[in-house]
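What follows is a single structure, written as structure tokens, with notes after it.
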Amino acid sequence: MTSQHRYRPDRTDGQCSMRGSCGHKGLFGKPLPCPYEGPAYEPDDTTRSLLISVCGEELAGGPICCNSDQLEVLRDNLNDAEPIITSCPACRNNFRSFFCHFTCSPVQSSFVNVTSTQISSTGETSVQSLDFFVSERLGRGFYNSCKDVKVGATNGYAMDLIGEGAKDYSAFLKSIGQEKPLGSPFQINFPPSIPSGMVALDKPSRNCADSDLSSRCACVDCPQICPTLPELPTSGNSCRVGALSCLSFILILAYSLCLIAFMTGFSLQTALRRRQERKYGRLTLAPEPNSDTPLSPRSRSRDLVGASSLARYLDGEQSSPTSTGPRNAGRGVTLLDPLDSVQPRQYRLNVKLRRMFYKLGLFTASSPWATFTIMFTLVGLLNIGWSSFSVETDPVRLWVAPDSESKVQKDFFDQNFGPFYRPQQIFVTSTTAGEHGSLEKPVLSWDHLKFWFSVEADIRSLRSSPNSYSLSDVCFKPAGPNGACVFQSITAWFDNDIDNTSPDSWAERVEYCAHAPVDCLPDFQQPLPPKYILGGIPGENFLRAEALVVNIVVSDSLDLEVQERAMEWERALAEYLARLKERAPSEAGLEISYSTGISLEEEINKSTNMDVKIVVLSYLAMFFYVALTLGGGYSGTNDEGVLTSLRHWAAQFPRLLSQSSSSSLSAGPRNAPRIFPRLPRRVFIGSKFMLGLFGIGLVILSVTSSVGLFSALGIKVTLVIAEVIPFLVLAVGVDNVFILVHELDRQNLQHGPSAASPEQGFLYPTPISPTSRRSQFDSSHTESIDAASLPLYLPPEERVARSLAKMGPSIMLSSITEVLAFALGALVPMPAVRNFALYAAGSVLLNALLQVTVFVSAMVLDLRRVEAGRMDCIPCIQIPARIQLPESTPNGNSISTLTRFIRKYYAPFILRPVIKGVVMLIFGGFFVASVISIQHIELGLDQRLALPSDSYLIQYFDDVDTYLNIGPPVYFVSHDIDVTHRSGQQALCARFTTCDDFSVANTLEAERKRPAASYFSDPTASWIDDFLTWLNPNTDCCRVRKRNPDVFCSPRDNPRLCQPCWAGKSPAYNITMEGLPEGEEFIRYLKQWLVSPTNEDCPLGGQASYGTAISIDDAQGNVVASHFRTFLEPLKSQADFINAFSAAHRIADDMSRRTGASVFPYSMFFVFFDQYAHIVSITQQVLGLGLAAVLVVTALFLGSWRTGIIVTGVVALTVVNVMGVMGLWDVSLNAISLVNLVISLGIAVEFCAHVARSFMNSGSGVSMDHSAGQERDERMSAALVDVGPSVLSGITITKLIGMSVLALTRSKLLETYYFRMWFSLIISGALHGLVLLPVILSLAGGPGFPLQEADEEWMTTAIRSGYEYTPFLADDISVLSD
């Protein structure tokens, strides 16, 4: 029963508004005061003594408006708040003064007005509500003194516990006056306006910055007295011109000036040339009729010696020698006129390498079966290592270097404090479409709550298999083995029981607990603010939250048995949640996303990362391309093409149906209609399906052998290796197959069975015995031609040996650079990346060895099959040669269309002076754009990319970004400091006036005030401050037996038998730390604190909050290490994680320097982000070393530092372009992309090496009247014709085929960091190698060396005899090989 009326007594001094207690509110409620209109009274001595002990000296004299019963209730209520606010004397004393004046002031009626009464449980009239008039000065001062007081155990504020997180004094007063079960038993209103007859309580309040010890608070609770941290230096690119960085602006400006200069120079040159041509046209005289040399200076031939025959077969026409050509000096040789030539230079290394590869080729070709036996035995021995094969699946051991700073710190943390907990997290959201097709709706509803209560009941009762572990067996219990599990969920606000609420009251309960989580403590006794269990909250409207966030904390351990127990239960939880995810949408309209402790490792290592069909598709595509392309060089007969045969058959087929006798009689055998088309003989013989398949088989063998080798060495395989290496080695290894086969085709054209002199054509196509070294051409065939000048038939072994002698050094150059690049990738300390680099280097090296040995043997066997007329794939079938008429001309198919195109169109076009300038400008533009793009490359590796595209964790990580409102915890670990001595304590603490200004706790609090730099969101949990505060007698937490102070009291002991630990000590407990424990006494109290329960009676107890925060060495009696916990802001992007990592290490380094202690930060994610602290410098160092290695290797093999520098520069530009694409294609810089950049160095060399070596070996024997530029142009043209087709078809296209299949992968990691980067590399490498490099070499390339196989018969003799050089240049016939 209530009474709604206002009491209006006379407002005179000495009057009260309430006094005494008039029963309780309900059976178990707190006492209620009685309304009282009488005067204040003089208390007895007992009451006065109690008043002084509770309220101090302020009300020590004179009458009061309260009795002893009220004082006892007031004392108990104040003691409840004492542990929370006692660390700040200003807040504590203001809090006591405020409520003491409210309860006992003798002028109470002047500022307290009872507005309504009620009947209590004893039938008495008691206060139900009242108005308490408080001045703004008092209210604001009271609030300001308490608003910054921290509660370390909760990483929160005292205001969260006593004032519902109030943000101003009005909200604070409203909160403490609100009627609630754990607060005031009656309603206290604080009206903002004061009616007449009333006076606001307006007493001065204490300030935390006051100098007296009864007011002054420590820095951590009083920002006004904190020293200011030094300003941080500005980071990033501060130099900008508008929206551009200074570097971008300078590059754009320089490029624009170059472009203008080029356009201006080109225009002037064009105008001057036209003017000179007009002038020359007026002055020149007509040339003499018989003169071969007109007056025009541009009319002289610029051909190399012997180049008159270069186009003999290239364009389907023959060129006749002119009278100005070189003199014929005998068989196949052209002497140089000493007046028109220079002595050719020689490079000794080239001679030795060609001699070595010739001998190797001759051995492997002459003894193929011995080669097979030796090499396959070696391969078999390497594959024995598969017995030690193992796969690394632990994410930490995969992606974290074992000796990295963060890994060492993690191990230290785990050993001293135990491993971090194993979090199980669930997000529950409403389906995007409601029952009636509505849009997404809030997740909170009565039906959803009922469903989720049942789900949590299932989880709590879940049993694992086979050991039947439950959640209680594996969960983290902060209160000890008999305590409750940490299960953070909205159900905890309802005591985990749906029966504690109803459809009408649940919403009110949610609102209440969201604003006062301390009043809704879960069974594990730690407040649950709404940010922990609700996500997507619009403002303060908690009922409109879009997600429920559930956290189940499972203990982890270094004990493998305990760890396996947790993992077994997690597997059971994952299976249950997988089933729940399927049924929740239909049963409750809810979407579930989740992650368990085992989820990340299992999902990363799923075999679905790469579909086996993709691997098979890649190898099939490569096989068909290789098989079809390799057979293009067959020229054994004069067969028509396949398409021509089919067209001819289709045209004649109707005649077969008409059975026209006249047509039949008039048609010859060639034109006779046939039922089946008459396909060319080369389709069956010239194809190289078996050879191509054999080459791809060698790729597979090199991969398996590399795995066997490194497995035997104890280097584990990762799934990245298993998924990427086959593609990489396939794309890289097939190149050499093309190069060798194309060169063998040229050798067959010159010295095969079908070779003939240019004048005679093809005389006798029938092959002769391969053991014969005699030319097939006999001098009796023609007397008018020097028999010695006819092409020399060579057996297959000799041709294969010559092919390897010519291309072996180029293969060696590219292979060495690739292996070096991969090996440099092993410098990256991340195990997954280092192992990948090692396996790739081993595979490429073994593949190169197999190709120059085993594949060469296979080439000679295939060549014998072709010349024997045996069918590919089925060599037991021999196809007889068709009749070839003597007057037949050489087959035009012997020179490919691509070669003809390069010689006739591309090379002349690219070597024009104007085009050279345009090319330089275009690639200069690419360089400028790439450098600008590089500045936008981000660091990081989104863990979602490492997951299969269909992984359930992708939705979970998306929900983390969307709904999670808290960041990860971060621990600052201090060690190598003696905390048993005062100096060590002062270096760590913050709540005492003698703590160091920049102690660990003070620094962390100061950094929290600049979250943009520190990323801290919550106050720090300082164990030493809470421990020393626990000793404060006012908190009544630390108690000892009165009779034996050496014995601590337990919570169950009778209070009359115990006394505060520090009662009666001298000096008394104070905030100056004087007299506080040190040495052995410190350790004794510390151990007791660590086992003291954390509960409502003593929230400062250390068991739950700090039980694992301190590592004590019992033998030495000291603290080995301890940590200070805080929380980071929600981290949404990789940049946030990286910046938070850097900030934490900066702060730890500052604290170590200032305190003398060793301090380091630790958080779960730090080990994965350690690489980014040094990734930029590592990238610069590794790429610099790679380029230096490329320079040394290319200069050594090419014999020219100038050419080596050019090749290295072009390789560097290729890598810069790849990095530019990274910035445009969302490829971040991390250890994986760094290794790919190093790999790019090696592969880019392959695009350049063959062109550069052919350029250097094209010789320098040209007429003296040629300029150096003309000589380089001619060498470059010959080099493009020589190796350009191989680079394009054998390197570029094979790599595109091998890498393009990665675009089909289901793994975003492979698609982003391998397909995108390698695709960019292939395109950029081909453009730089076939466009930019020829231009630069033609402008500034080094002087060349004569190709020793210019006269190949002499080359064979020279290699066998040890000659060093030949004084002859290419003759008309041997030039065909170029």
Side-chain angles (χ1 to χ4, degrees), residues 154-156 160 421-432 440-445 448-460 471 475-476 485-494 496 506-507 509-511 513-515 517 520-524 526-554 570 573-574 576-577 580-581 584 588-597 599-600 952-969 1017-1018 1127-1132 1164-1165:
T154 63
N155 287 106
D160 296 334
Y421 314 115
R422 303 176 64 91
Q424 331 290 313
Q425 193 168 57
I426 309 168
F427 288 92
V428 185
T429 57
S430 178
T431 53
T432 54
E440 187 173 355
K441 55 186 180 182
V443 71
L444 289 175
S445 70
H448 289 169
L449 282 178
K450 285 198 304 180
F451 177 81
W452 192 249
F453 268 95
S454 67
V455 169
E456 288 197 4
D458 292 342
I459 293 176
R460 291 178 183 273
L471 174 61
C475 71
F476 170 61
C485 297
V486 176
F487 198 126
Q488 298 176 334
S489 171
I490 194 173
T491 60
W493 284 352
F494 301 89
N496 301 315
W506 72 268
R509 178 68 177 177
V510 169
E511 287 280 5
C513 292
H515 288 95
C520 304
L521 289 178
D523 52 4
F524 54 91
Q526 293 179 358
L528 279 181
K531 66 179 182 179
Y532 284 87
I533 56 178
L534 296 176
I537 305 170
E540 294 291 323
N541 192 350
F542 300 104
L543 294 177
R544 303 292 297 176
E546 296 180 357
L548 300 179
V549 184
V550 180
N551 296 289
I552 307 170
V553 183
V554 174
E570 288 170 346
L573 175 65
Y576 173 82
L577 293 176
L580 177 67
K581 183 178 178 66
L590 295 175
E591 289 284 351
I592 307 296
S593 64
Y594 64 93
S595 172
T596 67
S599 293
L600 185 60
Y952 64 86
L953 285 182
I954 293 179
Q955 181 185 351
Y956 164 76
F957 286 124
D958 290 341
D959 286 346
V960 167
D961 289 345
T962 305
Y963 300 118
L964 193 62
N965 296 320
I966 59 173
S1017 64
D1018 292 340
F1127 281 84
L1128 299 174
E1129 292 184 333
L1131 306 176
K1132 302 298 185 181
M1164 283 186 66
F1165 69 90

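Side chains are part of it too, since the values below use all heavy atoms of this structure and drop only hydrogens, waters and symmetry mates.
Minimum heavy-atom separation, Phe1127 to Gly967: CD2-O, 3.5 Å. Nearest heavy atoms, Tyr594 versus Ala574: OH-O, 3.7 Å. Across Trp506 and Leu449, no two heavy atoms sit closer than the pair CE3-CD1, 3.5 Å. Closest heavy-atom contact between Leu528 and Pro517: O-CB, 3.5 Å. The minimum heavy-atom distance linking Val510 with Trp493 is given by the pair O-CZ3, 3.7 Å. A pairwise comparison of heavy atoms in Leu444 and Phe542 identifies CD1-O, 3.4 Å as the closest pair.
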Steps toward side chain to side chain contact (heavy atoms under 4.5 Å, CB included) verdict (Leu577, Gln424): CA-CA 11 Å; Leu577 293 176; Gln424 331 290 313; over 6 Å; no
Chi angles and distances behind the side chain to side chain contact (heavy atoms under 4.5 Å, CB included) call for Val550, Trp452: CA-CA 10 Å; Val550 180; Trp452 192 249; 3.6 Å; yes
Stepwise ring-ring contact (aromatic ring centres under 6.0 Å, His included) test for Tyr956 and Phe427: CA-CA 7 Å; Tyr956 164 76; Phe427 288 92; 5.8 Å; yes
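Legend: residues meeting ring-ring contact (aromatic ring centres under 6.0 Å, His included) with Phe476, ordered by chain and number and at least two apart, are Tyr421. By the ring-ring contact (aromatic ring centres under 6.0 Å, His included) test, His448 is found to be paired with no residue, residues two or more places apart in sequence or in another chain being considered. Taking the side chain to side chain donor-acceptor pair (under 3.5 Å) definition, one finds that Tyr952 meets it with Ser599, sequence neighbours left out. Residues that satisfy the ring-ring contact (aromatic ring centres under 6.0 Å, His included) test with Tyr532, not counting sequence neighbours, are absent from this structure. Residues meeting the side chain to side chain donor-acceptor pair (under 3.5 Å) test with Gln526, sequence neighbours left out: none. Partners of Ser593 according to the side chain to side chain donor-acceptor pair (under 3.5 Å) rule, which considers only residues two or more places apart in sequence or in another chain, are Asp959.
When the options Gln425, Lys531, Gln488 are evaluated for a side chain to side chain contact (heavy atoms under 4.5 Å, CB included) with Val549, the one that passes is Gln425.
In this structure the side chain of Ser489 reaches within 4.5 angstrom of the side chain of Glu456, judged on heavy atoms. Contact of the Asp458 side chain with the Leu580 side chain is not registered, since no non-hydrogen atoms from C-beta on lie closer than 4.5 Å. At a threshold of 4.5 Å between non-hydrogen side-chain atoms, the residues Pro527 and Leu521 count as touching. Using a 4.5 Å heavy-atom threshold, the side chains of Leu1128 and Phe1165 count as touching. In this structure, Leu543 and Pro442 have side chains that are not in contact, with every pair of non-hydrogen atoms separated by 4.5 Å or more. Residues Leu548 and Leu534 have side chains in contact (heavy-atom distance under 4.5 Å, counting atoms from C-beta outward). With a 4.5 Å cut-off on side-chain heavy atoms, Leu590 and Thr431 do not count as touching. In this structure, Ile459 and Ile426 have side chains that are in contact, with non-hydrogen atoms separated by less than 4.5 Å.
Expressed to the nearest 0.5 Å, how far CG of Asn965 lies from CD of Glu1129 amounts to 12.0 Å. From Ile490, atom CD1 reaches atom CZ of Phe453 across 8.0 Å, with rounding to the nearest 0.5 Å. Atom NZ of Lys450 sits about 9.5 Å away from atom OG of Ser445, to the nearest 0.5 Å. His515 contributes atom NE2, which lies 12.5 Å from atom CG of Asp160 (distance to the nearest 0.5 angstrom). Note: Ile966 CD1 to Leu1131 CG = 11.0 Å, rounded to the nearest 0.5 Å. Distance SG/Cys475 to CD1/Ile552: 10.0 Å, rounded to 0.5 Å.
Not a single donor-acceptor pair under 3.5 Å links the side chain of Asn551 to the backbone N or O of Pro423.
When the shell of 6.0 Å around CZ of Arg509 is examined, it contains more than 12 heavy atoms from other residues, nucleotides or ligands.
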